[in-house]
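Structure record follows, encoded as structure tokens.
Letters A, B, ... are given to chains in the order of the sequence lines, protein chains preceding strands, and every chain is numbered from 1. Worth saying up front: this structure is predicted, and the values here are computed from it rather than measured. Only heavy atoms go into these numbers, but all of them, side chains included; no hydrogens, no water, no symmetry mates.
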Amino acid sequence: MTVRVRFAPSPTGQPHIGNIRTVVFNWLFARQHGGQFIIRVEDTDRTRYVPDAVNVMFNSLRWLGLDWDEGPDVGGPHGPYVQSERLPIYREKAQELLDKGWAYRCNCSPERLERVREEQRARGEMIMYDGHCRDLPANAISPDEPHVIRLKMPREGQTQVHDMLKGEVVFENSGIDDQVLLKSDGFPTYHLAVVVDDYLMQITHIIRGDDWLSSAPKHVTLYRAFGWELPEFAHVPLVLGADGRKLGKRHGAISVAEFERQGYLPEALFNFLALVGWAPGEGVDQEVFSREELLQRFDMKRVNLAPAVFSYEKLDWMNGVYIRALSPEALMERLIPFWQDAGLVPYPVTTESLAQLQVMTPIVQERLKVLKDVVPLTDFVFADIPTPAPEALIGPKMTAEQSLQTLEAVRSLLAGVLNWDAASLEPPLRQLCKDLGLKAGQVLGIIRVATSGKEVAPPLFGSLEALGRHATLQRLRRAEDALAASIQQASPA
RNA sequence: GCCCUCAUCGUCUAGUCUGGUCAGGACACAGGCCUUUCAAGCCUGGUACAUGGGUUCAAAUCCCGUUGAGGGCACCA
């Protein structure tokens with residue numbers, strides 16, 4: 001039988017990194033077994049529906065390179081793939097359960113249910129439906145009056161869930177609620193819909209977050225009630241935030257779209273995600289894996305049991321590894337949108353600015369953790385800078401006068417240089433350092449501040465090449481003026 | 001409160017099934033080298049088997065308890 005797995009998101013917001021990690025496991029599992037990966041939208045809660053959520057989710061998956069074989073957009077033989085379009089199926093299945101005696105109608109009011117819960121809380125009892133309507137005669141509640149349909153969970157015995165990772169997990173039936181299967185608005189709850197659809201869509205492996213383990217026995221009971229063969233379950237550990245709690249809305253930059261905006265590479269994020277909760281083991285220390293290697297080595301059975309904290313620091317490191325592995329041309333292509341968004345580079349990239357980008361890209365490459373870092377690192381090349389503070393223009397172990405003289409010497413040298421490129425700039429400047437009896441760090445540091453306004457900037461010679469002769473000389477001149485003025489002020493004649 | 005799951009450096013983890021190598025790697029951190037700043041790279045360093053009891057010649061590894069953490073307990077998914 002061919003492997004069929006699914007990702008079943010509800011369109012209630014942005015997919016976060018924890019959900020996506022679970023999708024990565026699903027996708028890897030499907031692809032390495034030559035199986036199918038299916039997307040099904042679980043939109044049975046009309047009160048929480050977010051209109052654009054499905055598209056955002058599709059975009060995130062595509063960006064990460066996770067493709068699917070069946071789904072709302074591509075269709076497939078088991079559609080529709082949106083639960084709100086499958087209502088008649090759920091009603092029919094609920095009726096079947098009613099007929100078989102595995103379900104019953106319940107017309108308890110929300111108020112009564114709340115009261116019951118209140119009392120249970122007060123007595124420190126387990127909070128669950130009290131069975132008020134469970135044993136009413138079949139015709140006691142008319143199909144025409146508002147009501148819900150509940151699962152008639154056996155009161156005695158146990159239900160076992162076989163989990164690929166945890167083995168046999170046993171639940172006492174007495175602790176399992178008579179779950180609502182069909183709501184009074186005619187929509188199914190998750191529990192009914194998920195079982196019906198997973199069966200009809202012939203899902204063989206249900207790989208989902210550990211937060212579903214508690215409801216797994218209800219699902220197993222439903223499969224039994226219908227007389228359907230059980231799929232394999234794998235409840236994978238949750239991904240926790242830095243505070244050690246389940247990832248949620250309050251955890252900041254956790255949506256995939258946000259990672260994209262910050263300039264993480266999809267292949268790096270994919271690699272990293274695969275390693276959250278899984279490791280190759282067997283003495284293998286490798287952590288950087290191509291998609292193909294992951295496909296080959298990933299092993300569902302080796303997935304960790306303990307929840308993992310998502311480490312942004314390590315992701316940053318891995319992203320840097322992937323950035324450094326890119327060819328300069330490929331990196332530049334990825335960098336351009338970030339430069340443009342920051343307003344540093346014009347929209348159709350002009351020939352001049354392309355030349356600058358070609359110089360800057362290789363010298364910033366090993367300095368980037370995320371693509372967006374390129375903006376603060378290189379902005380001085382594309383936009384004018386404020387004149388640096390005079391104090392910043394004084395070299396280490398140097399006087400203001402000495403620094404001013406250095407600046408002047410540099411400017412007159414650079415004014416006469418024949419070819420304006422990094423390779424032609426470096427030798428004469430180094431020679432100048434010697435002539436002045438100064439260390440390279442002293443002279444170059446002054447030039448750096450004068451031309452970039454920064455203490456920390458990309459390598460100087462390339463930066464000057466990209467800046468151009470005109471802007472370089474102009475900034476040197478301005479720096480001289482500022483320094484001269486401050487010297488003047490400090491010692492009035 | 002009740003149910004379920006889990007437990008190795010700060011973090012991600014290898015090692016646990018098939019007891020016996022100074023408990024290995026990575027990120028982060030500290031120091032050093034390199035060096036035009038910052039990075040990158042290289043070298044060095046510190047830090048972990050939650051706890052109590054068994055079983056055994058021998059326990060991170062097997063068993064029981066405790067503690068801790070996470071998840072769940074809706075006409076949400």
Side-chain angles (χ1 to χ4, degrees), chain A residues 8-12 42-45 47-48 106 108 110 113-114 117 120-129 146-150 161 163 165-166 169-172 174-177 179-185 187-191 193-194 209-217 235 237-238 240 242 244-246 272 275-288 304-318 320 324 363-369 373 377 426 429-430 433 439-449 452 454-461:
Chain A
S10 62
T12 53
E42 310 219 321
D43 59 344
T44 53
D45 183 358
T47 62
R48 295 203 307 162
C106 165
C108 290
L113 295 174
E114 189 42 50
R117 279 194 280 264
Q120 287 168 334
R121 255 190 291 271
R123 277 176 296 194
E125 287 174 9
M126 222 178 287
I127 293 165
M128 49 196 280
Y129 182 60
H147 67 278
V148 301
I149 293 177
R150 286 181 184 274
V161 176
D163 187 276
L165 304 177
K166 300 175 202 287
V169 183
V170 182
F171 296 83
E172 290 296 330
S174 59
I176 302 172
D177 209 353
Q179 187 59 234
V180 171
L181 301 176
L182 205 63
K183 305 182 228 178
S184 55
D185 64 1
F187 277 65
T189 58
Y190 170 82
H191 306 281
V194 78
D210 208 16
D211 45 349
W212 292 113
L213 184 59
S214 305
S215 40
H235 291 92
L238 296 177
L240 273 25
R245 297 199 150 268
K246 183 184 174 183
F272 186 73
L275 257 30
V276 175
W278 175 81
E282 289 161 9
V284 178
D285 289 335
Q286 186 181 349
E287 301 205 86
V288 177
N304 249 281
L305 263 24
V309 172
F310 187 89
S311 167
Y312 289 89
E313 284 167 343
K314 192 159 183 178
L315 171 62
D316 281 350
W317 162 76
M318 186 169 280
R324 275 171 251 135
I363 63 176
V364 296
Q365 185 156 21
E366 66 191 23
R367 274 153 254 264
L368 302 176
K369 292 228 177 294
D373 287 344
L377 210 49
E426 181 162 357
L429 275 171
R430 290 214 183 265
C433 297
K439 290 195 168 175
Q442 294 176 296
V443 177
L444 302 184
I446 295 174
I447 306 176
R448 173 175 299 110
V449 173
S452 71
K454 300 176 197 289
E455 299 278 357
V456 173
L460 187 66
F461 305 114

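- In this structure G1(B) sits in a base pair with C73(B), meeting the Watson-Crick or G-U test at under 3.5 Å.
- Between the C1' atoms of U67(B) and U44(B), the separation comes to 38 Å (whole Å).
- Looking at heavy-atom distances under 4.0 Å, T12(A) makes no contact with the nucleic acid at all.
- Using P as the reference atom, G45(B) and A26(B) are 12 Å apart when rounded to the nearest Å.
- Side chain of E313(A), nearest nucleotide from C4(B), U36(B), A28(B): A28(B).
- Nucleotides C42(B) and C4(B) place their C1' atoms 49 Å apart, quoted to the nearest Å.
- Between A28(B) and U66(B), the distance separating the two C1' atoms is 33 Å to the nearest Å.
- Nearest to the side-chain atoms of V309(A) among the listed nucleotides U36(B), U11(B), A77(B) stands U11(B).
- Between C12(B) and C57(B), the distance separating the two P atoms is 37 Å to the nearest Å.
- Mapping Q286(A) and D211(A) onto RNA chain B by nearest heavy atom places Q286(A) at the nucleotide closer to the 5' end.
- Pairing of C57(B), defined by two Watson-Crick or G-U wobble distances under 3.5 Å, is identified with G20(B).
- Among the nucleotides U13(B), A74(B), A77(B), the one closest to any side-chain atom of T189(A) is A77(B).
- Distance from the side chain of L305(A) is smallest for C6(B) among the nucleotides C6(B), C27(B), U36(B).
- Here the closest heavy-atom approach between residue D210(A) and residue P237(A) is recorded as CB-CA, 4.2 Å.
- Using a 4.0 Å heavy-atom cutoff across all strands shown, G175(A) reaches no nucleic acid atom at all.
- Place E287(A) and C106(A) on RNA chain B by their nearest nucleotides, and E287(A) ends up nearer the 5' end.
- The NE2 atom of H235(A) sits 8.5 Å away from atom OG of S214(A), with the distance rounded to the nearest 0.5 Å.
- The side chain of P307(A) sits closest to G70(B) out of G41(B), A77(B), G70(B).
- Separation of atoms CZ (R324(A)) and CZ (R367(A)) is listed at 11.0 Å; rounding is to 0.5 Å.
- Among C6(B), U37(B), A40(B), the nucleotide with an atom closest to any side-chain atom of K369(A) is A40(B).
- Contact annotation: K183(A) side-chain N/O to C76(B) OP1/OP2 distance is under 4.0 Å.
- Without hydrogens or angle criteria, K166(A) side chain to V161(A) main chain gives no donor-acceptor distance under 3.5 Å.
- Within the nucleic acid shown, G277(A) comes within 4.0 Å of sugar-phosphate atoms alone, with no base atom in reach, counting heavy atoms only.
- Comparing A77(B), C27(B), U5(B) by their nearest atom to the side chain of K166(A) picks out U5(B).
- Within 4.0 Å (heavy atoms only), P9(A) reaches no atom of the nucleic acid at all.
- Between W212(A) and Y190(A), the ring-plane angle classifies as parallel under the 30° and 60° cut-offs.
- For the pair D45(A) CG and A77(B) C1', the computed distance is 8 Å after rounding to whole Å.
- Nucleotides A69(B) and C22(B) have their P atoms positioned 35 Å apart, rounded to a whole Å.
- Residue R150(A) places at least one side-chain N or O closer than 4.0 Å to OP1 or OP2 of C75(B).
- Across all strands shown, A457(A) has heavy atoms under 4.0 Å from base atoms, whether or not it also approaches the sugar-phosphate.
- The residue L460(A) sits close to a base: some heavy atom pair falls under 4.0 Å.
- The side chain of V456(A) sits closest to C38(B) out of C38(B), A77(B), U13(B).
- Within the 4.0 angstrom heavy-atom criterion, no nucleotide atom of any strand lies near V194(A).
- For Y312(A) and F272(A), the ring centers sit 6.0 Å or farther from each other.
- Close to C75(B), at under 4.0 Å from its OP1 or OP2, lies a side-chain N or O of R117(A).
- G72(B) and G31(B) have their P atoms separated by 42 Å, with the value rounded to a whole Å.
- The structure places CG of L460(A) at 7.5 Å from CG of L429(A), a figure rounded to the nearest 0.5 Å.
- Among the heavy atoms of the strands lying under 4.0 Å from P188(A) are primed sugar atoms or P, OP1, OP2 only; no base atom is included.
- Between N304(A) and A14(B) there is a side-chain N or O to OP1 or OP2 distance below 4.0 Å.
- Side-chain N/O atoms of R123(A) include none lying less than 4.0 angstrom from OP1 or OP2 on G1(B).
- Here the separation of C43(B) from C6(B), taken at their C1' atoms, is 38 Å to the nearest Å.
- F310(A) comes within 4.0 angstrom of nothing in the nucleic acid, heavy atoms only.
- The side chain of A306(A) has A7(B) as its nearest neighbour among C75(B), U37(B), A7(B).
- Base pairing of U66(B) is made with A50(B), judged by Watson-Crick or G-U wobble geometry with both donor-acceptor distances under 3.5 Å.
- Checking the phosphate oxygens (OP1, OP2) of U5(B), no side-chain nitrogen or oxygen of S214(A) falls inside 4.0 Å.
- Comparing U36(B), C75(B), U11(B) by their closest approach to the side chain of A440(A) singles out U36(B).
- Contact annotation: R324(A) reaches the phosphate of G41(B) (side-chain N/O to OP1 or OP2, under 4.0 Å).
- For the pair F187(A) CZ and C76(B) C1', the computed distance is 14 Å after rounding to whole Å.
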